[in-house]
Asker: 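Can you read through this structure? Questions will come right after.
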2 protein chains.
Amino acid sequence: MSPRGQAARAVPQPTQPPVRRPTVQDVAREAGVSPSTVSRALHTRGYASPAVRARVRAAAERIGYVTDHNARNLRSRTSTSIGVLISDLRNPFYADLAAGIEQELRSAGYQMVLVNDNGDPAEELQAAETLLAMRVPGVIVTPVTAKCPQVLQDNGVHVVCADRELSRSKSDVVLGDNETGARELTEHLIALGHTRIGLLIDETKWSTGAGRLAGFRAAHVDNDLTVDEDLIAYTSFDADAARLTTRKLLNDHDVTAIISANNVLAQGALAELKDRRLKIPRQISLAAYDDVPWMSLVQPALTTVDQSTVEMGRSCARLLLARIRGELTPKRRQVKVPARLIVRGSTGPAPR
Amino acid sequence: MSPRGQAARAVPQPTQPPVRRPTVQDVAREAGVSPSTVSRALHTRGYASPAVRARVRAAAERIGYVTDHNARNLRSRTSTSIGVLISDLRNPFYADLAAGIEQELRSAGYQMVLVNDNGDPAEELQAAETLLAMRVPGVIVTPVTAKCPQVLQDNGVHVVCADRELSRSKSDVVLGDNETGARELTEHLIALGHTRIGLLIDETKWSTGAGRLAGFRAAHVDNDLTVDEDLIAYTSFDADAARLTTRKLLNDHDVTAIISANNVLAQGALAELKDRRLKIPRQISLAAYDDVPWMSLVQPALTTVDQSTVEMGRSCARLLLARIRGELTPKRRQVKVPARLIVRGSTGPAPR
DNA sequence: GCGGAATGTGGTATCGATGCCACATTTCCG
DNA sequence: CGGAAATGTGGCATCGATACCACATTCCGC
């Protein structure tokens with residue numbers, strides 16, 4: 001309807017007459033104290049004698065009182081809802097991340113508002129606006145655009161970026177140790193005698209891809225190998241595309257091992273290798289960054305780097321909560337979650 | 001601290017002085033109208049001339065106004081946040097379900113508050129209370145206990161149960177067509193000549209397991225086979241347990257095919273078969289209910305029943321929203337999402 | 001040209017909990 | 001034993017948006 005801007009938001013519809021829920025007033029009457037006292041007895045850091053506190057709690061329980069967060073949030077200008085903005089819940093990486101975040105938030109008494117942005121800048125920005133409207137005190141985001149964290153911070157919302165860092169970011173950030181992980185993975189292959197290793201990768205603008213690429217290079221340098229730039233196969237973030245790119249890589253170059261930069265690309269690479277009936281790891285080795293469950297179910301199981309995704313999520317939540325509680329110095333924080341090489345059957349000595 | 005009941009909830013901490021956000025008042029001043037008019041112009045179904053509406057919108061955009069949902073919700077006694085209560089985000093089934101729900105909710109202007117209950121009744125109940133506190137108009141839940149939907153409904157919250165139905169449930173529900181799916185899957189095996197088919201299953205109290213078991217039986221009956229009750233192998237919802245159960249099943253009985261009742265059990269079954277170096281499907285066929293990505297990546301790919309989990313999630317959301325908007329008759333609704341047999345390489349003719 | 005219906009806008013009370021301050025009691029100590 | 005400090009409670013205003021009603025205009029038809 002509106003030409004642009006202020007999109008017409010869903011307006012709460014005229015629902016049926018809701019059940020009347022007990023209020024602080026009701027509890028006060030029931031317990032024979034004032035509403036203020038009820039509030040203090042139940043929640044606030046304020047004073048309340050143990051006796052009164054117990055009486056109020058009993059009364060609240062008796063009549064089934066449940067605090068209204070909307071009223072609470074409005075008055076106290078805070079909220080226990082935290083926004084979580086990720087690309088795609090169906091990707092196990094994001095699901096694990098969200099699971100870790102949720103676990104930590106919940107045990108601290110916070111709630112998670114989860115939004116998929118499908119990796120789309122416009123949706124991401126719209127989600128940010130929604131979270132602003134909800135007056136969340138903090139947001140955890142796997143950013144697509146720098147604008148999103150920017151807008152949030154400009155409005156006083158704490159932001160933790162997860163998994164990746166955009167240039168000129170001012171937010172706290174939790175990253176995997178991509179460089180070390182990729183280096184170890186590459187060195188593992190080099191130690192097996194591989195010298196012509198293909199790298200299947202989709203992006204190198206974000207810290208994630210950039211780090212993995214850097215680790216790949218570093219491993220070569222440390223072992224006096226030069227990286228053949230033609231073996232770095234750029235593709236898009238999509239299994240089918242990765243498959244085609246792998247095909248091309250195999251057609252044009254004689255690599256003895258392939259590293260896929262993430263779990264999505266690995267699907268494509270594996271599919272292509274199987275399709276060619278290549279014996280893994282006898283004829284070619286395959287390894288992937290970002291361990292997800294299927295990688296240990298296929299035959300042979302894939303050698304991978306486990307980036308402790310759930311723990312990464314927990315870290316994000318802990319960091320954000322600490323920030324919200326004002327426990328941190330203003331200085332921007334960067335947390336690095338270690339990555340761990342898991343050697344399985346898909347990597348073996350270089351042929352011949 | 002408190003002996004029991006009214007758990008001490010996290011209280012919003014004294015955060016740093018938040019940024020002052022523009023209010024309706026500010027927009028009103030900027031646009032030269034009254035606050036009431038601003039409200040109507042931006043949101044409410046009320047009247048506002050196009051001219052004023054445009055002017056107000058422009059003003060709002062100019063000063064960066066974002067509605068405060070807490071205030072809005074408090075006053076209007078509604079909310080656009082929907083609770084989603086599931087067991088385990090790391091299980092692709094739940095992740096897909098949540099993804100479907102989120103997609104539908106978001107496109108309708110609602111938000112998703114996601115809570116993992118880890119399949120634990122206590123956590124489930126606590127989550128329900130949190131959602132009550134948030135005054136969500138509706139909740140989608142994969143119920144563990146009947147008490148949870150009960151409590152919510154008693155407080156006037158609309159509930160849609162997803163994936164399973166507890167006895168004596170009064171809520172709307174969205175189910176997969178477990179019976180048909182399991183019947184088709186079983187019939188597929190029977191058509192291939194299998195007569196001794198093992199069923200690996202964890203629960204049959206919920207409609208989910210019960211339906212799959214019923215379908216399994218029905219296929220036998222329809223084909224004049226009797227079900228050997230010993231081939232129904234009960235296990236717990238855990239891959240390792242399923243593996244042991246599979247081992248026992250193979251040791252004690254000579255089955256020519258195994259059906260796993262869900263994606264988790266399938267992992268255990270597959271692991272055991274691989275461990276025994278059994279040729280699939282030459283020596284034994286394996287099939288699973290609930291198609292998840294890894295099943296098409298393993299070799300041979302698994303024959304499965306795809307229960308359209310994402311679509312199931314969408315259905316839940318659509319049903320709940322319709323209910324909230326009062327578009328439905330009071331009668332309890334039950335939606336059945338069709339299941340689809342996907343034949344892949346893991347099932348073949350019965351040996352000999 | 002006038003009564004009365006449409007139409008659009010402003011004013012005010014209110015949603016429910018909490019921040020803040022005042023004040024009634026106790027407690028404590030010289 | 002008096003007065004100051006400590007302690008615990010109640011009262012009242014307030015967070016920001018919206019529901020609801022009153023009212024000023026404009027628009028009709030007869």
Side-chain angles (χ1 to χ4, degrees), chain A residues 6 9-15 17-29 31-56 60 63-80 132-135 137, chain B residues 9-15 17-29 31-56 60 63 65-80 132-135 137:
Chain A
Q6 285 285 339
R9 286 300 147 68
V11 174
Q13 295 298 318
T15 60
V19 176
R20 211 272 187 179
R21 310 270 255 287
T23 73
V24 162
Q25 301 278 353
D26 300 317
V27 178
R29 199 173 313 120
V33 294
S34 78
S36 313
T37 303
V38 170
S39 175
R40 266 169 316 194
L42 290 180
H43 308 288
T44 301
R45 284 222 172 301
Y47 311 94
S49 68
V52 168
R53 194 168 289 242
R55 194 147 43 92
V56 170
I63 66 176
Y65 169 76
V66 178
T67 306
D68 185 324
H69 277 171
N70 291 313
R72 194 236 260 327
N73 294 344
L74 174 60
R75 179 62 240 237
S76 64
R77 301 153 155 291
T78 45
S79 160
T80 53
L132 283 179
M134 296 180 76
R135 298 298 189 266
Chain B
R9 286 299 149 68
V11 174
Q13 296 297 319
T15 60
V19 177
R20 210 272 188 181
R21 311 270 254 288
T23 73
V24 162
Q25 301 277 354
D26 301 318
V27 178
R29 201 173 314 118
V33 294
S34 78
S36 316
T37 302
V38 170
S39 175
R40 267 168 316 194
L42 290 181
H43 307 289
T44 302
R45 283 222 171 301
Y47 311 92
S49 67
V52 169
R53 193 167 289 241
R55 191 146 46 93
V56 170
I63 66 177
Y65 169 78
V66 179
T67 306
D68 185 325
H69 277 170
N70 291 313
R72 192 236 260 327
N73 294 344
L74 175 59
R75 178 62 240 234
S76 64
R77 300 154 157 290
T78 44
S79 160
T80 53
L132 283 179
M134 296 181 76
R135 298 297 190 266

Asker: Do A/Asp26 and A/Arg20 make a side-chain contact, defined as non-hydrogen atoms from C-beta onward lying under 4.5 Å apart?
Answerer: yes
Asker: What are the atom names and distances for every N/O pair under 3.5 Å that joins the protein to nucleotides 25-28 of chain C?
Answerer:
none

Asker: So for the helix from C/dG1-D/dC30 to C/dG30-D/dC1, with five pairs setting each end axis, what is the inter-axis angle to 10°?
Answerer: 30°
Asker: D/dA17 P sits how many Å from A/Leu132 CG, rounded?
Answerer: 13 Å
Asker: Could you measure the distance from the CG atom of B/Asn73 to the CG atom of B/Asp68? Nearest 0.5 Å is fine.
Answerer: 8.5 Å
Asker: If you take all heavy atoms of A/Gly64 and A/Pro22, which pair is closest and at what distance?
Answerer: O-CG, 3.6 Å
Asker: Can you name the nearest heavy-atom pair linking B/Ser79 to B/Pro137, along with the distance?
Answerer: O-CG, 3.2 Å
Asker: In the 5'-to-3' direction, what one-character label does each nucleotide of nucleotides 6-13 of chain C receive under the scheme B = base within less than 4.0 Å of a protein heavy atom, S = sugar-phosphate only, - = no such atom?
Answerer: ---BBBBB
Asker: For B/Tyr65 and D/dG16, what is the distance between atoms OH and P respectively, to the nearest whole Å?
Answerer: 10 Å
Asker: CG of A/Asn70 versus C1' of C/dT14: gap in Å, rounded?
Answerer: 15 Å
Asker: I need the A/Asn70 CG to B/Arg72 CZ distance, nearest 0.5 Å.
Answerer: 11.0 Å
Asker: Where is the tightest heavy-atom contact between B/Val66 and A/Arg135, given as atom of each residue plus distance?
Answerer: O-NH2, 3.2 Å
Asker: Rounded to the nearest angstrom, tell me the gap between atom CG in A/Leu42 and atom C1' in C/dA17.
Answerer: 11 Å
Asker: Indicate the atoms forming the closest heavy-atom contact of A/Pro35 with A/Gln25, along with that distance.
Answerer: CG-OE1, 3.7 Å
Asker: Expressed as a whole number of angstroms, how long is the span from B/Arg77:CZ to D/dA19:P?
Answerer: 11 Å
Asker: Are any non-hydrogen side-chain atoms of A/Val33 and A/Arg40 less than 4.5 angstrom apart?
Answerer: no
Asker: Distance check needed: C/dT18 C1' versus A/Asn73 CG, whole Å only.
Answerer: 12 Å
Asker: Is any side-chain N or O of B/Arg72 closer than 4.0 Å to OP1 or OP2 of D/dT18?
Answerer: yes
Asker: Rounded to whole angstroms, how far apart are CD on B/Gln25 and C1' on D/dC15?
Answerer: 12 Å
Asker: Does the side chain of A/Thr23 get closer than 4.0 angstrom to OP1 or OP2 of C/dG16 through an N or O atom?
Answerer: no
Asker: Do you know which two heavy atoms are closest between A/Thr23 and A/Tyr65, and how far apart they sit?
Answerer: C-CE1, 3.6 Å
Asker: The side chain of B/Ser76 is closest to which nucleotide in this list: D/dT18, D/dA17, D/dC15?
Answerer: D/dT18
Asker: Looking at A/Arg21 and B/Leu132, would you say the former's side chain and the latter's main chain have a donor-acceptor pair under 3.5 Å?
Answerer: yes
Asker: Could you state the NE2-P distance from A/His69 to C/dG16, rounded to the nearest angstrom?
Answerer: 15 Å
Asker: Write down the atom of A/Ala71, the atom of B/Leu74, and the distance for their closest heavy-atom approach.
Answerer: CB-CD1, 3.8 Å
